[in-house]
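Structure record follows, encoded as structure tokens.
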Amino acid sequence: MASKDWMNLSVQDLEQAIQLHNRLYWIENSPEIPDPEFDQMVERLRELAPDSPVLDAIGPAGAVAESTPIDDEIFDPTLEKCQHNPPMLSLDKCYDDETLQKWFEKFEGQAVASPKIDGVAAAIRYDADGKFLLAATRGNGQVGEIVTENVRRVVDLPMQVDIPNLEVRGEVYMPVSVFDKFFKADYMSPRNLTAGALKLKDATLVSDYQIHFFAYDMLAPALEGEIQTEVDKLKRLRAMGFEAAEPEAVNDDSLQAAFTILEDLRAELKYETDGVVFKTNLIEEQRRLGHTSHHPRFAIAYKFQGDADTSILREVHWSVSRTGAINPVGIVDPVTLSGAVVTRVSLHNLAIMEQLGGEAGLHLGSKVMMMRRGGVIPNLERVIETGDVPVEIPTECPGCGQPTYRQNDFLYAHHAIDCRSARIKQIEHFTSVMEIKGFGPKLLESMYDAGIITEPADFYTLTVAQMCSLDRVGPKLAERQISRIAQQRTVPAETFLRALGIDELGRHVSKILATHFDNIEDILNVQPEQLSEIPTIGDIIATKVSEGLQTHRAIIEDLLGHITITFPEPPSENADEEAGENAHALYNKSVLFTGTLESMKRNDAIAQVEARGGSAPSSVLKTLDYLVIGDADFEKFQGGWRSSKLKQAEKHNDQGSNIQIIGEQAFLKLLED
Ligand code: IVH
């Protein structure tokens, strides 16, 4: 519907339109009109038919009631439900300074900025003694799903707080460093993985995902009247050990600067962000402003520029993945998102492509909304106007011509053993998991077509002459690549197994196999029955993995002729003592950084700590071992300046903690220890 056409609608049509947009917003998560327009439609209906029942059914509850068939999809029947009171609302958005400034003019006092994290919203409750009690997802805002045991495994989440009956709301996220290190090769985004981790049936597996929690709100009946500002709230949250935004309030002259600081920091932040959330600082003013049916009026999300734009879908290519699924890739008119031109976008799988197209199916020529999720991965968000030509689903594999068939969400084929596409994808997966850098898809395709690399073992016999026979490859590049391969001749069993690209032999199962067995022969000969005895492996996965290992036997044996596989040491009975004697000074120690480091990026420093068996929490816990002050700020520190982390550490030390506050140089010495 064109903007404002609804002004001429009859009451009945207006009611229908409101119900539709309410559902699009709350259930399908794909609003088609801006929030103010929705609110104006509601006002118009109120004018024309003040008794209309539709007016009482606006918001998440109304949306659920209208959409019973979809209900089952969003509510996993095996998870118990929990009511959110007050509901977990959404946020109003803006894209320019002017709108932000106008928002600011509507209230008294200052505003507080915090990064808008691209994660999964959750509410966490503590009991009357301050003990962790329950955690739930946002769900439809009114009713969420209880995921207590999974959230219990969130890194650094306080299990005990000093306020009775507290509820903390925030965003669960996976740090970008964790995603890049372990999951990038196999998964689309940290956000999807986080959502998946929260719903894992076996909560003990959640620890592998290293998910964190960023708190942005708390409901504390016991502190009624005591917490008067957003800054007070953030301070309390941080004092209890929650990761939360800097507790600083800004005036209208520094709103834009607060936005720019977070935008500039974006690439260095440990989580993905897609904007900055501003909130009215005074709680009294927040109450006065109240909320609309969708969002509070006291908060607004200023989205990062250039992340979203429209384009036209021209073609859909079908690409064979390493597991054999044939997945759609959209080709769109060039569109600039966050400064880079995008023409290709993964449509993920058959089912997701179908959902994008709605009932009519996806059509070429459609006007589509493109976005870089978290500023990084291009995504086709939704179809704005449907085009003319329906997308055809291939009946044959584009790589080997075998007939396709559908299985659940995916299109498959029984690929020929020499299916070019499947083989190249598998080789690509191998280099990615083995961290052999520098072999992009184009280079691998030409190497495959030239017959130089047709299976992973070929990397280990690759010669400079072979590589130089390819177009645009000179001896320097060839030598560099060959030395990169040589560096990966000894690998942990877990990495080796995952690199094979066998369906269902992903990170978890590989890790389980690598710790359950102590030699590769036993793993290769494993029977499905043996695997399904392991608690977290079901029958289907057991069969797929065992069969996959059989069909890949020749490839594996070829590889074993060139590489050495290592297995983790079984924990010895005196493990702690041994670690005490031989371990690095940072082993088992937690290190947090404040200020700017001069010798390395903060993420690299964290990686150095982790590589030595230490951890890098994101907030100042009482149990913290070291707080490192970056060299850039050390002089200021000696002159009396204190960051909020420093103040907190000193406060903990006053109360008996033993946090060592050291400079960057001392940290570098510790690393070398
Ligand atoms: S304040 C009305 N602060 O963004 C809820 N929300 O797109 C007040 N989000 O549902 C939320 N980072 O889950 C707030 N720093 C932040 C946030 C944040 C991410 C989420 C939140 C909200 C969603 C809206």
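Residues: numbered from 1 along the sequence shown. Since this is a predicted model, take the numbers as computed values, not measurements. Atoms within a ligand are numbered from 1 in the order they appear, just like the ligands themselves.
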Ligand-side contact atoms (ligand 1) for residue partner [X], heavy atom cut-off under 4.0 Å:
X	result
A121	13 (O)
P115	12 (N), 15 (N), 16 (C)
K279	1 (S)

Legend entry - Aromatic contact, Y271 with F214 (centres under 6.0 Å): yes
Inset, instruction - Check F593 against K645 and note the closest heavy-atom contact, atom names and distance. - result: O-NZ, 3.0 Å
Inset, instruction - Give a yes or no answer on whether the side chain of T280 reaches the backbone of F298 with a donor-acceptor pair at less than 3.5 Å. - result: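 Flag set: sc T280 to bb F298 pair under 3.5 Å.
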Legend entry - Any donor-acceptor N/O pair, N165 side chain to A128 backbone, under 3.5 Å: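 Yes.
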Inset, instruction - Please confirm whether H295 comes under 4.0 Å of ligand 1, counting heavy atoms of the residue only. - result: no
Nearest protein heavy atom with distance in Å, relative to [atom]:
atom	result
atom 9 (N) of ligand 1	E171 OE1, 3.6 Å
atom 11 (C) of ligand 1	Y216 CE1, 3.5 Å
atom 12 (N) of ligand 1	I117 N, 3.0 Å

Within reach of ligand 1, part of [X] (heavy-atom separation under 4.0 Å):
X	result
P296	side chain
K116	both
L91	both

Inset, instruction - Give the single entry among L89, V172, T273 that approaches atom 10 (O) of ligand 1 most closely by any heavy atom. - result: L89
Legend entry - Pi-cation contact, F182 with R507 (under 6.0 Å, within 45°):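 Yes, R507 lies over the aromatic ring of F182.
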Legend entry - Approximate separation, where rounding is to 0.5 Å, of D118 CG and T273 OG1: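 Answer rounded to 0.5 Å: 8.5 Å.
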Inset, instruction - Could you say whether the N/O atoms of S90 and ligand 1 ever approach to under 3.5 Å? - result: no
Inset, instruction - Measure up the W103 and F107 rings against each other and bin them: parallel (under 30°), tilted (30 to 60°), perpendicular (over 60°). - result: perpendicular
Inset, instruction - Give me the ring orientation class for Y126 and F132: parallel if the planes are under 30° apart, tilted from 30 to 60°, perpendicular past 60°. - result: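 Y126 vs F132 ring planes: perpendicular.
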